[in-house]
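What follows is a single structure, written as structure tokens, with notes after it.
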Amino acid sequence: MKNSIDLPKCVVVDDHFDWQDTELPRIPREEMVLFETHVKGLTKLNDKIPPQHRGKYLGLISEEMLAFYKKQNITSIQLLPVAACMHEPHLLEMDKVNYWGYNPYVFMAPDPRYATHDAVDELKTTIRELHRHGIEVILDVVYNHTAESGDNGPIFNLKALDSKFYLRHGEFFANFTGCGNTVDLNYQPL
């Protein structure tokens, strides 16, 4: 079990990124053709995508994928969670992982599993290039629980700050999400 001291820290080391004056597409809802997808799942097995980009952020902007979006008249891509996530211990014991990413431990940090070198730069590049092609990007985010699990789960963010305020529970941590630690959104620190 990991504690917060053992986990990578999030520090902005370079906030410069060249968006190249790319405009944010503003697709009216009634004109939206939404494509919900998983970064890895969409491109990992596609042999028409360069091998180094399969299953990665940059695979989403390969010539093959851009042609696919255009052919399908896709205006908006909703990416399933891309935040750094943890694999639950019970999955690891079965030699499995949390494929979908619905178990975040750092809400705003892009998952490095989908990058070749730099997850932040590669996700921004992907978003910029999709925007350049008139495709808006919607990120599916998970804010209703963390990867801290229930009573026996690791402690590294909300449990460590103050589990009685940030996580819902009575005798045990609330399990409305199936993850054992439902975030209490009623508590608003001043």
Side-chain angles (χ1 to χ4, degrees), residues 2 6-10 12 17 19 22 24-25 27 32-149 153-154 156-157 177-181:
K2 291 192 177 223
D6 300 321
L7 293 171
K9 305 302 183 269
C10 298
V12 176
F17 180 79
W19 290 98
T22 304
L24 172 68
I27 311 297
M32 183 184 290
V33 177
L34 180 67
F35 180 54
E36 182 179 37
T37 192
H38 185 275
V39 172
K40 180 179 177 182
L42 182 60
T43 63
K44 182 67 176 171
L45 301 177
N46 189 332
D47 61 4
K48 295 180 180 173
I49 293 174
Q52 70 274 19
H53 293 160
R54 293 180 195 159
K56 307 291 185 184
Y57 298 116
L58 297 177
L60 298 174
I61 55 171
S62 63
E63 288 181 31
E64 177 73 16
M65 293 313 305
L66 292 171
F68 169 79
Y69 309 140
K70 184 174 183 176
K71 183 177 180 181
Q72 300 299 320
N73 295 313
I74 293 168
T75 63
S76 308
I77 292 178
Q78 180 171 327
L79 297 177
L80 292 173
V82 297
C85 73
M86 296 281 291
H87 306 301
E88 296 90 328
H90 74 278
L91 291 177
L92 294 173
E93 289 170 9
M94 297 184 294
D95 290 328
K96 297 182 181 203
V97 296
N98 184 321
Y99 179 84
W100 298 104
Y102 284 101
N103 211 22
Y105 74 91
V106 184
F107 292 125
M108 303 308 260
D111 197 320
R113 294 179 299 165
Y114 306 137
T116 305
H117 296 90
D118 180 327
V120 173
D121 188 58
E122 292 174 32
L123 178 58
K124 286 179 177 180
T125 298
T126 298
I127 291 170
R128 180 190 66 207
E129 294 309 307
L130 288 167
H131 286 177
R132 186 185 314 280
H133 286 85
I135 299 171
E136 67 181 348
V137 178
I138 300 166
L139 299 179
D140 184 340
V141 295
V142 180
Y143 295 134
N144 61 351
H145 69 276
T146 71
E148 293 175 285
S149 301
F156 48 77
N157 54 30
T177 62
C179 298
N181 65 331

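Keep in mind the model is a prediction, meaning the values are calculated, not measured.
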Problem set entry | Pairs involving residues 61-76, ordered by first then second residue, that meet salt bridge (charged side-chain N to carboxylate O under 4.0 Å, His left out) (sequence neighbours left out) | none

Exercise. Does anything in residues 98-124 pair up under salt bridge (charged side-chain N to carboxylate O under 4.0 Å, His left out), and if so which pairs, sequence neighbours excluded?
Worked result: Asp111-Arg113

For the atom pair [atom1] ([X]) and [atom2] ([Y]), what is the distance rounded to the nearest 0.5 Å?
| X | Y | atom1 | atom2 | answer |
| --- | --- | --- | --- | --- |
| Leu80 | Ile77 | CG | CD1 | 11.5 Å |
| Leu79 | Leu123 | CG | CG | 7.5 Å |
| Leu60 | Thr126 | CG | OG1 | 5.5 Å |
| His131 | Trp19 | NE2 | CH2 | 7.0 Å |
| Lys56 | Ser62 | NZ | OG | 14.5 Å |
| Thr22 | Arg132 | OG1 | CZ | 4.0 Å |

Problem set entry | Side chain to side chain, His87 and Asn103, heavy atoms closer than 4.5 Å | no

Exercise. Are the side chains of Val82 and Val39 in touch, meaning some heavy atoms are under 4.5 Å apart?
Worked result: yes

Problem set entry | Met32 atom CE, over 12 foreign heavy atoms within 6.0 Å | yes

Seminar exercise, completed: For Ala119 and Pro112 the tightest heavy-atom approach is CB-CA, 3.9 Å

For this session: May I have all residue pairs that pass ring-ring contact (aromatic ring centres under 6.0 Å, His included) and include part of residues 36-73, sequence neighbours excluded?
Result: Phe35-Phe68, His38-Tyr99, His38-Trp100, His38-Tyr114, Tyr57-Tyr114

Ignoring hydrogens and angles, write down the donor-acceptor pairs under 3.5 Å from the side chains of residues 133-143, residues two or more places apart or on other chains.
from	atom 1	to	atom 2	distance (Å)
His133	ND1	Glu129	O	2.9
Glu136	OE2	Ser76	OG	2.6
Asp140	OD2	Tyr102	OH	2.8

For this session: Show your reasoning for whether side chain to side chain contact (heavy atoms under 4.5 Å, CB included) applies to Val97 and Leu91.
Result: CA-CA 6 Å; Val97 296; Leu91 291 177; over 6 Å; no

Please tabulate, one pair per line, all N/O donor-acceptor pairs under 3.5 Å involving side-chain atoms of residues 42-49, not counting sequence neighbours.
from	atom 1	to	atom 2	distance (Å)
Thr43	OG1	Gly55	N	2.7
Asn46	OD1	Lys48	N	2.9

Exercise. Mind checking what makes side-chain hydrogen bond (donor to acceptor under 3.5 Å, both in side chains) contact with Asn98, not counting sequence neighbours?
Worked result: Glu88

